[in-house]
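Below you'll find the structure, written out as structure tokens, and then a few comments.
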Amino acid sequence: MELPEAVREEDVCAEAALRGLALEGFSAFRQGLGDGRSALVISYGADGPHLLRTALRAAVDSVAARTS
């Protein structure tokens, strides 16, 4: 998930951790220099669809908290 230009993935991951959600920035998976755009890796490891919805809401809220 690509982040808005002014938002750092490290900040969103830290915000998500405060909400009990572990997110990983795309930079951890990037080889070489790449284009350097901030992004998150979204994967599914929850015990059911209801937990995925909760996790995605926390991710969106974490991005929103760092853009305002």
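The chain is numbered in sequence order, starting from 1.
You'll find the side chain of Leu40 reaches within 4.5 Å of the side chain of Cys13, heavy atoms only. Looking only at side-chain heavy atoms (C-beta outward), Arg66 and Leu3 stay at 4.5 Å or farther from each other.
Asp11 contributes atom CG, which lies 11.5 Å from atom OG1 of Thr67 (distance to the nearest 0.5 angstrom). A distance of 11.0 Å separates CE in Met1 from OG in Ser38, rounded to the nearest 0.5 Å.
Residues Ser62 and Ala16 share a closest heavy-atom pair of OG-CA, 3.2 Å.
In terms of hydrophobic clustering, with Ile, Leu, Val, Met, Phe, Trp and Tyr side chains grouped at heavy-atom distances under 4.5 Å, Val60 and Leu51 are assigned to different clusters.
Of the possible polar contacts, none joining the Glu2 side chain to the Ala39 backbone as a donor-acceptor pair under 3.5 Å is found.
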